**Q** 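Please find one structure pasted underneath; my questions will follow.
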Protein chains: 4
Amino acid sequence: MGTQGAEAPEHTPQSASGQDPRKRPRRRGEALNAAIFEAVLAELEEVGYARLTMEGVAERARTGKASLYRRWPNRGRLVMDAVYHVLPQYVDPPDTGGLRGDLLELFRSTARLLEGPAGEAMRGVLGEVLHDDETARQIRSASRGTGVAQIRQVAERAVDRGEISSKALTPRRLEAGQAVMRHHFLFLGTPIPDHVGEEIVDEVVLPLLTTPPGG
Amino acid sequence: MGTQGAEAPEHTPQSASGQDPRKRPRRRGEALNAAIFEAVLAELEEVGYARLTMEGVAERARTGKASLYRRWPNRGRLVMDAVYHVLPQYVDPPDTGGLRGDLLELFRSTARLLEGPAGEAMRGVLGEVLHDDETARQIRSASRGTGVAQIRQVAERAVDRGEISSKALTPRRLEAGQAVMRHHFLFLGTPIPDHVGEEIVDEVVLPLLTTPPGG
Amino acid sequence: MGTQGAEAPEHTPQSASGQDPRKRPRRRGEALNAAIFEAVLAELEEVGYARLTMEGVAERARTGKASLYRRWPNRGRLVMDAVYHVLPQYVDPPDTGGLRGDLLELFRSTARLLEGPAGEAMRGVLGEVLHDDETARQIRSASRGTGVAQIRQVAERAVDRGEISSKALTPRRLEAGQAVMRHHFLFLGTPIPDHVGEEIVDEVVLPLLTTPPGG
Amino acid sequence: MGTQGAEAPEHTPQSASGQDPRKRPRRRGEALNAAIFEAVLAELEEVGYARLTMEGVAERARTGKASLYRRWPNRGRLVMDAVYHVLPQYVDPPDTGGLRGDLLELFRSTARLLEGPAGEAMRGVLGEVLHDDETARQIRSASRGTGVAQIRQVAERAVDRGEISSKALTPRRLEAGQAVMRHHFLFLGTPIPDHVGEEIVDEVVLPLLTTPPGG
DNA sequence: CTCTAAACGAGACGGTACGTCCAGTCTTCGG
DNA sequence: CCGAAGACTGGACGTACCGTCTCGTTTAGAG
C-alpha cells in the first residue's frame, strides 16, 4: 500500500521530544509536511473524518494551525493531500495471466484500500468539497485515475490475449465495477466481505466485458 | 458602571414581544413539523448540506433550537427525515410496455431526484452517519428501497413479458445501474447529462439483464 | 414518522450527568456577571492588565468567551466595568474638621485605590481606549467624578467654614492635586510613598486653594 | 519630514521585483535604523500605538522581524527609541524676557508635542512597560528630563531676574504644571485647546511659583 | 369554560473549533 | 560573518454553532 515507507522516520522526533521538549529542531518544508500527513492519517483512523479537526491535527503534529493553513485552504484539501500522499500514486495492476484473476486481485486491493484512511477520507470529503471547483477537479481526476485506469489496463491485456473484444471497453462499462464497489462501501460501510468483490467480478464486470456493446 | 444599561434591553424585548407585531399563532405538532421540513429543504437548496446549521433551520422555521432537538438527535437525522418526507415514499415505476423504455424512464427520474435536495442530502449525510448505527440502518434500508426495488419491479415485468430470463436477476446486477448513476453523481456532481442515463441503460443495465448469469 | 418517540431517552443522560462534575447549576444574569467581575479582578492582580486575556478570564470564571462578548465589546470595557463594579461608587470624603486633614485623608485613599486593581486597570485602559468614542466618554466622566467631585466637596466645606475663599475654586485648580498624584502613579508606579501625598497637599493643593485667583 | 522619501521606494521594488527582486541595495547599521524609525512613526500616526505591530513595522521598513528584535527587546522599547530619536533631545526653553511668557511658550510646545507621535507613544507605552524595570527606568528619566528640567530652567531665570523666590522651587511644584497638562492629555485626549495651557499657567503654575513654600 | 401540563419561542449558557493575526524564535541563503 | 526574508511554534483573537438549559407564553385537553 505504500504507507509503511513514510512512517518509519516520523516516530523519531516524537520519542526525542519526550526526553527534551526544547531540543527538537524546528521542522520545515518536507519534514513538516510529512509530520502533518502522519498526524492526519492517525486522526482519520482514530476519530474519523467527521471529527477530525485542524486543531487536533496541529496538536498531534506538534505544530500550529498557521502552518496548516499556510499549506492547505481547508480541511478537505488537507485530508485529500494526506491520503494521496500515502496512496500508491499509480500501481500497475497485478498480472495473473487471466482476466478473471486480474480482476479479482484488483477488486480485492480496492476493498482493502477503502477500509483504510482513503475510504474514510473519501466518504467525508465527498460531502463538502464538490462545491469548491478547484478541489472538485482534483477529486475527479484522482477518482478517474485510480478508478478506471487500472481496469482499463487489465482489460486491454485481455484484449491482447484475445480473451475479449476491444469493442466492449466503453467508459461506462469500465467504471461499472468500481462504481458498484464504492457504492457498496459508501452505503453499507466497511469491512467489505470478500464475496462481494467476487460477485462484482463474476456478475457485473466479466459479463459486461465479454458482451458485445449495444447488446 | 455601564452594565445596567446593557442588561435592561435583555428584558425589554421579552415584554415587547408580548405586544409586538408577532401575531403569528404558535404552531405545534404536525404543523410545526411541516414548517421545519420546509426550512430544511430551503436551506439545503440555498447553502447546501455542509453549511446547513441547526440554528439556521430554527431561525428560518421561526422556532427555537429546542424544538428541533426535541424531535431529532442530530443534523443528519433531521435532514434525512425532511428529505424522505417530500420524497415519493414509493412510486410504482412507469410502465412503457418495454424493458428499455421502463429503464430509461426510471434512470431519468433518478437523475432528476439527485439534482434536488435529496441528492444534496445524500452526499452530506453519507459522511457523518455511518458511524451511528441507528441512522446507518435507516439509510441502508432507504437506499435499498428506492434503489433496487423499482429496478426489480421493471425487471420482473420484463420476465413476465418473456423479454429476459429471471436467472439474471441477482442482487449485484440489480443494483449496478443505480450504483453507476450514484457514483457519477457523487464524484462528478450535478447536473447529470441526459446521455449518461441512456448510456447506463444501454451499456450496463440491459447487457446485464439479458446475459445469462455465470456468463 | 416515529421520530418523536425516540427522543425521551436522550434527556436521561443529562440528568444522569447531574452526578458528574457538571453539578454546577448554570449561572445567568447577575450571578454570572459577578463571577466574571471576580475573575477579572483576580487576573488583574495576578498577571496585570497587559497580560490579561479574554480567554483567561473566561476560563477563570468557568464560562465561555461568548458570554463575555455578549456583554462587553472588548477587553477595555470589560475591565472598566469590573473595576467600577467594586469601586465605591461615590463616597463622601471624610470630614476631619479642617481642610488640611480632609485633603490628607483624601489623597491617602486615592493612593491606596491606585495600588489596587483600579490603578492597574487605569494604566492599561488609557492606552487603547481613547480612540473609541463610547468608552472614552465613559472614562472621562468616571475620571471627572471620582477625581474632582470629592476635592470640590472638601473645598466647599472649607469655604463654609471660612477657611478659604470660594474664588480660588477653578476647575483647573481643583484637578491639580489629582493630576499630580496620577502623574506620579503613571510614570513612577506603585507603591506611592506616604510623603508624596503629604507633599502634594502642602506644596500644591493648599497653596492653590488659599491663593486668590489671577494671583 | 522624511516620510516622502519612504514612499517612492514602496513602488519601485514592486515593479523592479518583477524583473529583478534584488535591486535594493542592502541597508545596515544607521541606514537601517533610520528606515525603521521612520516606519515606526508612520505606523504610530496611521494606526496608533495599540495597533502598531512588529510585523507592520518590519514590512513598512522592508526588513524582517529579526532585524527588529536584534535591536530592541520589545515593542515598547522600539517605539520609545523611535520617538526619542525624532524628539529634540533637549531644547533650551524659549526666553521671552518674562516668566509668564516663558511658561506660556513652554506649555504651548508641550501641547504640540503631545499631539504628535510622542503623545501617542506615551499613552501606549505607559500601560505595558512599567513592569519591566529596564524600560521603566528609561521612561522615568526621560519623563523627568523633558518634563521638569525645562520648567526649572525658566523658573531659575525668573529667580535671577528677581521675579520669584527660589524657595518656591520644590520638585512637586515644578512638576505640577506638566502633570496637569499630561493628565488632561491622557484622560481627555487631543487636541488640547490653547486656553487650557493658558489656564494651567495662570491658575496653577504661576500661583505656585509666586507663593512662599510652607503655604 | 376554566385550569393545568406540555409544548413552544427565544435566547443565554458552557464549550469546541474555526480561520486569522501576531509574537518571538529559528533557519536558510545572499552579499 | 551579518543581514534579509520569511517559515516556524504557539497563544489569543473574535465569530459561529453546538447541544443544553431556563424562562415566560401559548394552547390543547382534562376536569
Side-chain angles (χ1 to χ4, degrees), chain A residues 21-22 24-29 31-32 51-59 61-71 73-75, chain B residues 10-11 13-15 17-18 22 24-29 31-32 51-56 58-59 61-71 73-75, chain C residues 4 10-11 13-15 17 22 24-29 31-32 51-56 58-59 61-71 73-75, chain D residues 21-22 24-29 32 51-56 58-59 61-71 73-75:
Chain A
R22 206 145 318 302
R24 183 162 36 87
R26 198 176 276 185
R27 304 150 301 175
R28 16 191 320 151
L32 182 52
R51 287 206 291 271
L52 177 149
T53 68
M54 297 301 259
E55 285 196 339
V57 170
E59 187 179 5
R62 308 193 136 270
T63 182
K65 284 192 287 180
S67 292
L68 302 184
Y69 285 107
R70 210 176 289 125
R71 292 169 162 77
N74 55 53
R75 193 170 69 136
Chain B
E10 286 182 20
H11 305 303
Q14 298 201 347
S15 40
S17 74
R22 208 107 8 289
R24 180 167 36 85
R26 194 175 281 184
R27 305 147 300 174
R28 39 200 301 161
L32 182 51
R51 288 206 291 268
L52 176 148
T53 69
M54 298 299 260
E55 286 195 340
E59 188 180 5
R62 305 196 134 272
T63 182
K65 285 191 288 179
S67 294
L68 302 184
Y69 285 106
R70 213 175 286 127
R71 292 168 163 78
N74 55 52
R75 191 171 69 137
Chain C
Q4 297 82 347
E10 286 168 24
H11 300 305
Q14 270 90 48
S15 31
S17 77
R22 297 268 163 286
R24 189 164 25 86
R26 202 176 275 187
R27 302 151 304 176
R28 352 181 356 135
L32 182 51
R51 287 206 291 270
L52 177 149
T53 69
M54 298 299 261
E55 285 197 341
E59 188 179 5
R62 307 196 132 271
T63 182
K65 283 192 287 180
S67 292
L68 302 184
Y69 285 107
R70 215 176 284 127
R71 292 168 163 77
N74 54 51
R75 193 172 66 135
Chain D
R22 213 141 309 304
R24 183 159 32 81
R26 188 175 290 182
R27 302 152 303 177
R28 39 201 304 165
L32 182 51
R51 288 208 290 269
L52 176 148
T53 67
M54 298 299 260
E55 285 197 340
E59 187 181 6
R62 308 200 138 268
T63 181
K65 285 192 287 181
S67 296
L68 302 183
Y69 284 105
R70 211 175 291 124
R71 293 167 164 80
N74 54 52
R75 191 170 69 136

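Values in this document were obtained by computation on a predicted structure and should not be read as measured data. Labels below follow one simple rule: chain letters A, B, ... track the order of the sequence lines, proteins then strands, and each chain is numbered from 1.
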**Q** Can you name the atoms? Protein N/O to nucleotides 17-19 of chain E N/O, anything below 3.5 Å, with the distance.
**A**
unit_1, atom_1, unit_2, atom_2, d
E:dC18, OP1, A:Met54, N, 2.8
E:dC18, OP2, A:Met54, N, 3.1
E:dC18, OP2, A:Glu55, N, 2.9
E:dG19, OP2, A:Tyr69, OH, 2.1
E:dG19, O5', A:Tyr69, OH, 3.2
E:dG19, N7, A:Lys65, NZ, 2.9
E:dG19, O6, A:Lys65, NZ, 2.7

**Q** Would you indicate what D:Ala66 reaches in the nucleic acid, counting non-hydrogen atoms under 4.0 angstrom: base, sugar-phosphate, or nothing?
**A** base
**Q** Does E:dG9 have its OP1 or OP2 closer than 4.0 Å to a side-chain nitrogen or oxygen of B:Thr63?
**A** yes
**Q** What is the distance, to the nearest angstrom, from the CZ atom on B:Arg62 to the P atom on E:dG11?
**A** 10 Å
**Q** Going by side-chain hydrogen bond (donor to acceptor under 3.5 Å, both in side chains), name the residues that satisfy it together with A:Arg71, two or more places apart in sequence or in a different chain.
**A** A:Asn33
**Q** How would you list, by chain and number, every residue that makes a side chain to side chain contact (heavy atoms under 4.5 Å, CB included) with A:Ala66, sequence neighbours excluded?
**A** A:Arg70
**Q** Measure across D:Lys65 and D:Met54 and return the closest heavy-atom pair with its distance rounded to 0.1 Å.
**A** CG-O, 4.3 Å
**Q** Could you tell me how far apart B:Leu68 (CG) and F:dC17 (P) are, to the nearest whole angstrom?
**A** 14 Å
**Q** Can you tell me how far the OG1 atom of C:Thr63 sits from the CG atom of C:Leu32, to the nearest 0.5 Å?
**A** 5.0 Å
**Q** Return the set of residues passing side-chain hydrogen bond (donor to acceptor under 3.5 Å, both in side chains) with D:Arg75 (not counting sequence neighbours), or none when no residue passes.
**A** D:Glu128
**Q** Which atoms form the tightest heavy-atom contact between A:Gly64 and A:Ala58, and what is the distance?
**A** C-CB, 4.0 Å
**Q** Sequence neighbours excluded, which residues qualify as side-chain hydrogen bond (donor to acceptor under 3.5 Å, both in side chains) partners of B:Glu59?
**A** none
**Q** Where do N or O atoms of nucleotides 1-7 of chain E meet protein N or O atoms at under 3.5 Å, pair by pair?
**A**
unit_1, atom_1, unit_2, atom_2, d
E:dA7, O4', B:Arg28, NH2, 2.9

